[in-house]
Amino acid sequence: MAEVVMKDVTKIFDKGVVAVKDANIKVKDEEFMVLVGPSGCGKSTTLRMIAGLEEPTSGEVYIDRKMVNNVPPKDRDIAMVFQNYALYPHMTVYENMAFGLKLRRFPKLEIQQRVREAADILGIQGLLDRRPKALSGGQRQRVAVGRAIVRKPKVFLFDEPLSNLDAKLRVQMRTEISKLHNRLKATMVYVTHDQVEAMTMGDRIVVMKDGIIHQIDGPMGLYNHPVNKFVAGFIGSPTMNFFDGQIVDHIFKADGISVAIPEEFWERLSGRSKVILGIRPENICDARFADRITHRAKVLAEVEVSELMGHEILLYLHSGSLPFVARMDVKVDARVGDKLNLVFDMGKAHFFDPETEETL
Ligand code: ATP
């Protein structure tokens, strides 16, 4: 297995479209690295440069410590799984999985053995004689993964492999790919626009926007210590609430909200007047059930919409003119129009510079 390194990589397409700018990424041996970001942020282009399907405009790509800028895709010892599966329709599942090995002139017996092994791992032994059109989406995706496994590549590259599946199957395949990673102990780079996929699957996550890497960290690092408002808002669902306001005497004030700022933030915020307060929906609770919160700040708010999810309730509220979302235990039996005494857990608050949007 191998590490993958991108050093100062930039990709500029025709007409000056900067798809990726100064990317520096080091994927460790056996690591599961996820590239995540909104549509058009450059994550697929980054992956395609590792695969050799796009050529960097500048910078270097290394696989297993070897510079591969001039190495064609077929010689990079990588295997890629695409969103549309890219199976050959006229071949059976067995032939699809065996094809890459045949091209590389592997002995027939070894091909058989590798295909059977991969089929066992993926639970598709019974499908080997079928053609792709006789498979469900999830089965096709397994075949596409199987075709990558048989190659025993140094690096697996996944480009949104689950986005064509329905929600339930996506969750199931997510855990299967994670299990596969544990079993194969392979280096994997995985592209998705779905932050839940990123958070649940990645050892580490690269968060991108507009061709720029904003942060690389583990899931909890991104969640607890986002470097800026974009990362804070992108990671977590429902998204973090943001309030534009002012600090006066260690109190944060915005229309309808006036909350005390815990002492631990004072030094970082000293000399600042305008800031953005960020607070996650899960860090807001009903005052009646707020005993365990140390840094409580009371807010009165009215319920606009209430969504009961079974194990929790999402409340869309407003305080003054400010809308926000809270995620609570179902024991909070709130109805539309109710006025609730809420508590913001200010120990878990985030503050951002309104100009640069950097975390303060
Ligand atoms: P998505 O999730 O929508 O696939 P992405 O994050 O993977 O988006 P990329 O496909 O890497 O984004 O595209 C990054 C930017 O580069 C976009 O602005 C896109 O329009 C542009 N781009 C991608 N491929 C090309 C190309 N072949 N020629 C010109 N511009 C391109």
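In listed order, ligands and their atoms are each counted from 1.
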Does [X] pair with [Y] as a salt bridge, N-O distance under 4.0 Å?
X: D353; Y: R272; value: yes
X: D333; Y: R335; value: yes
X: D286; Y: R288; value: yes
X: E282; Y: R327; value: yes
X: R65; Y: E3; value: yes

Quiz item: Under 4.0 Å from atom 31 (C) of ligand 1, is there any protein heavy atom?
Solution: yes
Practice problem: Might you check, step by step, whether the distance between atom 28 (N) of ligand 1 and some protein heavy atom is under 4.0 Å? | Solution: yes
Looking at ligand 1, would [X] count as a contact under a 4.0 Å heavy-atom criterion?
X: G37; result: no
X: K11; result: no
X: G211; result: no

Taking N or O atoms only and a 3.5 Å limit, does [X] qualify as a polar contact for ligand 1?
X: A19; value: no
X: D14; value: no
X: H193; value: no
X: T45; value: yes

Top protein contact for [atom], by heavy-atom distance:
atom: atom 21 (C) of ligand 1; result: V17 CG1, 3.9 Å
atom: atom 23 (C) of ligand 1; result: F13 CE1, 3.4 Å
atom: atom 3 (O) of ligand 1; result: S39 OG, 2.6 Å
atom: atom 2 (O) of ligand 1; result: K43 NZ, 2.7 Å
atom: atom 17 (C) of ligand 1; result: G40 O, 3.9 Å
atom: atom 10 (O) of ligand 1; result: S44 CB, 3.8 Å
atom: atom 12 (O) of ligand 1; result: G42 N, 3.3 Å

Find out whether [X] and [Y] are in side-chain contact, i.e. whether some heavy atom of one side chain is under 4.5 Å from a heavy atom of the other.
X: V275; Y: F252; value: yes
X: K11; Y: P56; value: no
X: N69; Y: E60; value: yes

Practice problem: Determine the interplanar angle of the F158 and Y190 rings, folded into 0 to 90°, and report it as parallel if under 30°, tilted if 30 to 60°, perpendicular if over 60°. | Solution: tilted
Under 4.0 Å to a heavy atom of [X] - the qualifying atoms of ligand 1, by number:
X: E160; value: 2 (O)
X: P38; value: 6 (O)
X: C41; value: 5 (P), 6 (O), 12 (O)

Quiz item: For Q195, what residues pass the side-chain hydrogen bond (donor to acceptor under 3.5 Å, both in side chains) criterion, not counting sequence neighbours?
Solution: none
Quiz item: Between atom CZ of F265 and atom NE2 of H350, what is the distance when rounded to the nearest 0.5 Å?
Solution: 7.5 Å
Quiz prompt | Derivation of the ring-ring contact (aromatic ring centres under 6.0 Å, His included) call for F324 and Y316 | solution = CA-CA 6 Å; F324 60 94; Y316 296 81; over 10 Å; no
